[in-house]
Colleague: 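Quick one: the structure is below, questions incoming.
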Amino acid sequence: MRVDIISIFPEYFAPLGVSLIGKARERGILDVRLHQLRDWAHDVHRTVDDTPYGGGPGMVMKPDPWGEAIDAVLATGQDAPARIIVPTPSGVPFTQRLAMEYAAEPWLLFTPARYEGIDSRVMAEYGTRTRVDEVSVGDYVLAGGEAAVLVMIEAVGRLLPGVLGNACSAVDDSFAPGAMENLLEGPVYTKPPEWRGHGVPEVLLSGHHGRIARWRRDEALRRTARNRPELLAALDPRGLDKHDLKL
Ligand SMILES: COC(=O)c1ccnc(N)c1
């Protein structure tokens, strides 16, 4: 997968050189290319923002530098154009399902904005040529979209074949479509069996896989009911058995 990021703070993406994503890049599974938006701002101050039409607080990112930058990036592609992802609090929710959809894409272009956002004509322009998604990583506002891009690349990159050591662990994730969709993962334990007077649930030491799976699902349901009760409402009742309903 190729990932391009256009930003006025490309140095913000240094973390993409470490851990799982860093190794995926070393192994050629992920090709991340960074671009400085100001390289396409031609005035002496390399200006990328201006006051909003209609008045109001803050500044809006100018369309010209973004248009030239996106054109330059798309021009380096051979086949279908990149899918453009615009991080914004006004976007659709970023979910595990959307992360899986993105993990199947050959080429993503992230356009993190600062200030009050990018002139809306930019995404209207590229919406005529490729998929343009406005995506939010949660109900809060950031100083810039760069942190949201790190979150999305981490969530998408770990799903790419060969990135996670044990492919199963992506399937068991909280929110992973299928058995765990809309369920939070329950508690986890490792050695030692006793730690500061705290033991490990006996069932996990039993070696009885059926009982362990049942216990894990029960704990997932309990944690979901406690932390995200609205997700339980979204659970397909046909996916619950009589044991679940007694919890
Ligand atoms: C400037 O970008 C944001 O504030 C942002 C981007 C994506 N998701 C959010 N919740 C906020």
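Each ligand, and each atom within it, is numbered from 1 in the order the structure gives. On a predicted model such as this, the values are computed, not experimentally measured, just so you know.
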Colleague: Considering non-hydrogen atoms of the protein only, which is the closest contact for atom 4 (O) of ligand 1, and what is the distance?
Modeller: L142 N, 2.7 Å

Colleague: With the threshold set at 4.0 Å, does a side-chain nitrogen-carboxylate oxygen contact exist between R25 and D31?
Modeller: no

Colleague: Can you check whether A143 has an N/O within less than 3.5 Å of an N/O in ligand 1?
Modeller: no

Colleague: Find all atoms of ligand 1 within a distance of less than 4.0 Å from any non-hydrogen atom belonging to A148, and give their numbers and elements.
Modeller: 6 (C), 7 (C)

Colleague: For R216, is there an ion pair with E185 - N to carboxylate O distance below 4.0 angstrom?
Modeller: no

Colleague: Check whether S7 reaches the backbone of F9 with its side chain - one donor and one acceptor, N or O, closer than 3.5 Å.
Modeller: yes

Colleague: For ligand 1 and V137, I'd like to know whether there is a polar contact (N/O to N/O, distance under 3.5 Å).
Modeller: yes

Colleague: Strictly below 4.0 Å, N to O, side chains only: are R226 and E219 in salt-bridge contact?
Modeller: no

Colleague: Which residue holds the protein heavy atom closest to atom 9 (C) of ligand 1, what is that atom called, and what is the gap in Å?
Modeller: Y140 O, 3.6 Å

Colleague: Please report which non-hydrogen protein atom sits nearest to atom 6 (C) of ligand 1, along with the residue it belongs to and the distance in Å to one decimal place.
Modeller: T88 N, 3.4 Å

Colleague: Give the ring-plane orientation class for Y189 versus W215, where under 30° counts as parallel, over 60° as perpendicular and anything between as tilted.
Modeller: tilted

Colleague: List ligand 1 atoms under 4.0 Å from V141, heavy atoms only on the residue side.
Modeller: 4 (O)

Colleague: Looking only at heavy atoms, is any part of P89 under 4.0 Å from ligand 1, and if so is it the side chain, the backbone, or both, or is it neither?
Modeller: both

Colleague: Any side-chain heavy atom of F94 within less than 4.5 Å of one from V156?
Modeller: yes

Colleague: Does R121 come within less than 4.0 Å of D64, counting only side-chain N to carboxylate O?
Modeller: no

Colleague: Examine the proximity of ligand 1 to D139 and report which part, side chain or backbone, both or neither, has a heavy atom under 4.0 Å away.
Modeller: neither

Colleague: Can you tell whether the side chains of D39 and R46 come within less than 4.0 Å, N to carboxylate O?
Modeller: yes

Colleague: Would you mind listing which atoms of ligand 1 come within a distance below 4.0 Å of any non-hydrogen atom of V135?
Modeller: 7 (C)

Colleague: Between S90, G138, G145, G91, which one has a non-hydrogen atom sitting closest to atom 2 (O) of ligand 1?
Modeller: G145

